[in-house]
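Below is one structure, written out as structure tokens; comments come after it.
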Amino acid sequence: MGVIHLPASTPAAEIHDVLATEGALVIDELASPDVIDRIAAEMAEHVDDTPLGSDDFSGRSTKRTGALIARSETARELVTHPLVLDVAGRLLHQATKFQIHLTQIISIGPDSPGQAIHRDEWAFDFFPFPSDVHPQCNTIWAMTDFTEENGATRVIPRSQDWEVDMGHQVSETVAAEMTKGSCLLYTGKVYHGGGANRSDVVRSGLNLTYCAAWLRQEENQYLSCPPEVAAELDDDLLKLMGYQIGAYALGYVDDVRDPLAALRGSTGSMSFAAN
Ligand SMILES: O=C(O)CCC(=O)C(=O)O
Ligand SMILES: [Fe+2]
């Protein structure tokens, strides 16, 4: 069975229901081509300068370019996309808050073999999260069309309850083909992997992932986004980056100051109850 596609007008509750059952789905053309083109232009020099991956999992013909919040003003629109945040909040409902986990353009070059099939939540040191606990919610926005030939993400729909098994094969997967601007939403539990690129063009996807605010972020937002850039950002985006108390007392600064207040230069202790 293939990956389900839903129109961008689908209500968040319905998208969440499909995500919870299928583990992955595509929202067609959620971003306009113009937004994608602006992100590509803002990131072009950084993508050019990015080295190829240094191991098979990262992909030796694949580039992973991060720090999108600092480097691309337009990418901030996708990081804070209201429909995605609404769905992520539903999937991660057991956590008081959630946060950005990583921002990364994944450019899979021609002749790249397929990535090993995996679960993204294994990043948390392979901690055996129960099947009904979702630590993360993920997106990949297509910056080029995603085709079977050029390395569209491969997914095993409905695999989220399966046993831990690092030996799943590409033959068990389907390609999440989608047009530029479409968004693949998938849980941290669904088995998937970057596809082999058998075309002569680069497949480019913007991976924006979210996790419960009590977990360590994969991309360190406090260093990936320099403090002088962070100081110019909106409060809501900063909170999503981790400038908020993750749960009671998680992430305070020095004398129990709220991280956002500390960034803004305010003194005085925070009240835990207010967070
Ligand atoms: O690039 C892709 O399509 C997926 C990459 C991926 O799953 C990963 O790096 O964890
Ligand atoms: Fe992955």
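Numbering of residues begins at 1 and proceeds along the displayed sequence. Counting starts at 1 for both ligands and their atoms, in listed order.
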Contact atoms of ligand 1, heavy-atom distance to Ile140 under 4.0 Å: 2 (C), 3 (O), 4 (C)
For atom 6 (C) of ligand 1, what is the closest protein heavy atom, and at what distance to 0.1 Å? Gln115 OE1, 3.1 Å
Between Asp37 and Lys180, does any NZ, NE, NH1 or NH2 come within less than 4.0 Å of an OD or OE carboxylate oxygen? yes
Proximal ligand 1 atoms for Arg203, defined as those under 4.0 Å from one of its heavy atoms: 1 (O), 2 (C), 3 (O)
So which N/O/S atom does His192 have closest to the Fe ion (ligand 2)? NE2
Measure from the side-chain N and O atoms of Asp86 to the backbone N and O of Arg90, and report whether any donor-acceptor pair falls under 3.5 Å. no
Quick one: sort the His168 and Trp162 rings into parallel, tilted or perpendicular, breaks at 30° and 60°. tilted
Passes side chain to side chain contact (heavy atoms under 4.5 Å, CB included), Gln160 versus Ser131? Steps please. CA-CA 7 Å; Gln160 16 204 47; Ser131 62; over 6 Å; no
Of all the heavy atoms in His118, does at least one lie under 4.0 Å from an atom in ligand 1? yes
Backbone, side chain, both or neither: what part of Thr153 comes under 4.0 angstrom of ligand 1, heavy atoms only? both
With a 6.0 Å cut-off (strictly less than), is the heavy-atom count around CG of Asp111, excluding the residue itself, greater than 12? no
Give the atom numbers and elements of ligand 1 that come within less than 4.0 Å of a heavy atom of Arg64. 9 (O)
Donor on one side chain, acceptor on other, Ser199 and Asn197, under 3.5 Å: yes
Kindly give the heavy-atom pair with the smallest separation between Asp28 and His5, and that separation in Å. OD1-ND1, 2.8 Å
By number and element, which atoms of ligand 1 are closer than 4.0 Å to a non-hydrogen atom of Ile106? 1 (O), 5 (C)
Less than 4.0 angstrom from a charged side-chain N to a carboxylate O is my criterion; do Glu177 and Arg154 meet it? no
Please state which part of Asn207 comes within less than 4.0 Å of ligand 1, counting heavy atoms only: side chain, backbone, both or neither. neither
Proximal ligand 1 atoms for Gly194, defined as those under 4.0 Å from one of its heavy atoms: 2 (C), 3 (O), 4 (C)
Could you identify the N, O or S atom of Asp120 positioned closest to the Fe ion (ligand 2)? OD1
Is there a polar contact between ligand 1 and Asp120, counting only N or O atoms under 3.5 Å apart? yes
